[in-house]
There are 2 protein chains.
Amino acid sequence: MEGDPTRIMLAVNESTIKGYPHASISSRKAFEWTLQKIVRSNTSGFKLLFLHAQVPDEDGFDDMDSVYASPEDFKNLRNRDRARGLHLLEFFVERCHAIGVGCEAWIKKGDPKEVICHEVKRVHPDFLVVGCRGLGPFQRVFVGTVSEFCVKHAECPVITIKRSAEESPQDPVDD
Amino acid sequence: MEGDPTRIMLAVNESTIKGYPHASISSRKAFEWTLQKIVRSNTSGFKLLFLHAQVPDEDGFDDMDSVYASPEDFKNLRNRDRARGLHLLEFFVERCHAIGVGCEAWIKKGDPKEVICHEVKRVHPDFLVVGCRGLGPFQRVFVGTVSEFCVKHAECPVITIKRSAEESPQDPVDD
């Protein structure tokens with residue numbers, strides 16, 4: 001007999017390809033990993049909470065108060081808005097809907113690492129899943145990583161899903 | 001339709017109370033968390049791999065080649081051996097058996113952080129769960145933590161389960 005579903009927060013972001021508003025390879029990898037390895041066939045045992053932290057100077061979507069939980073929630077959006085951060089959420093919400101996993105998705109503006117830790121504090125997920133590009137030690141020094149910050153500072157358990165080498169694009173900007 | 005079970009490695013250790021060969025509070029916490037939040041009712045979807053890394057100068061058990069997968073595997077041990085590292089494994093194996101989750105448990109000698117990362121490399125779990133005492137920043141500087149090392153170096157995703165404050169004994173040596 002199962003109690004409340006396990007609430008898993010997934011921090012998701014867009015591909016960094018300019019004008020290509022789709023989920024990054026690492027976000028999709030973290031999502032697929034969560035479905036395959038954790039949720040498995042127990043779709044009613046879990047609820048996925050998708051948070052897209054949007055950096056403030058991005059030319060993004062402005063509605064910071066809506067929560068999206070089913071594909072219908074995206075229907076009445078203007079085309080202009082669909083092309084931005086929301087397109088990202090729609091991808092994850094549709095996938096969840098198709099396989100029957102409950103979900104919620106929303107956007108917050110701010111520095112991703114700060115936003116994620118703040119939302120963890122507010123929403124109290126059971127744990128947080130963060131994708132990660134798997135940068136080499138040299139790249140890591142200059143880039144810093146959101147995942148490392150969250151592992152240290154988020155007030156819930158955090159699991160970092162690294163991409164495997166063959167999933168990394170040649171140019172890191174294509175991630 | 002489910003494929004092979006998700007293989008979760010749990011690094012477990014003993015209480016540091018002298019002569020008290022039971023699972024530490026943080027090991028038990030990490031184990032219970034895994035059952036409650038990940039395995040839930042899907043007992044056939046997961047297999048738990050318990051690794052007890054035993055520091056070499058501990059007055060411990062010497063059989064480093066056996067794998068224990070059911071309560072019967074502990075029956076023919078001499079009392080002397082039962083009182084040591086194996087008692088710890090028996091606790092976890094019996095719990096798994098009672099609720100119907102497949103498991104394997106074994107002991108390796110060595111520096112726990114090195115042993116854990118080495119076994120991850122050998123056994124390829126889907127992810128690793130490590131308990132953690134939740135030391136304050138001051139304590140952490142002097143103690144270092146196994147969990148931090150594993151997060152950085154283990155070749156699989158790692159989730160660290162911190163004890164909550166009310167579960168911490170007054171004296172850290174009682175952990």
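So you know, we letter chains A, B, ... as the sequences are listed, proteins then strands, and number each from 1.
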Minimum-distance pair of heavy atoms, taken over all atoms of A/K37 and B/T6: O-OG1, 2.8 Å
Hydrophobic cluster identity match, B/F149 and B/V130, side-chain contacts under 4.5 Å: no
Single-linkage hydrophobic cluster, 4.5 Å side-chain cutoff, A/I159 and B/L35 together: yes
Among B/V151, B/V158, B/I161, residue most engaged with chain A (heavy-atom pairs, under 4.5 Å): B/V158
Distance, nearest 0.5 Å, that separates CD of B/E155 from NZ of A/K162: 8.5 Å
Residue pair A/D126 / B/W33: nearest heavy atoms and the distance that separates them: O-CZ2, 3.9 Å
Residue pair B/P157 / A/T160: nearest heavy atoms and the distance that separates them: CB-O, 3.6 Å
Gap between atom CG of B/N42 and atom CD1 of A/I38 - 0.5 Å precision: 11.0 Å
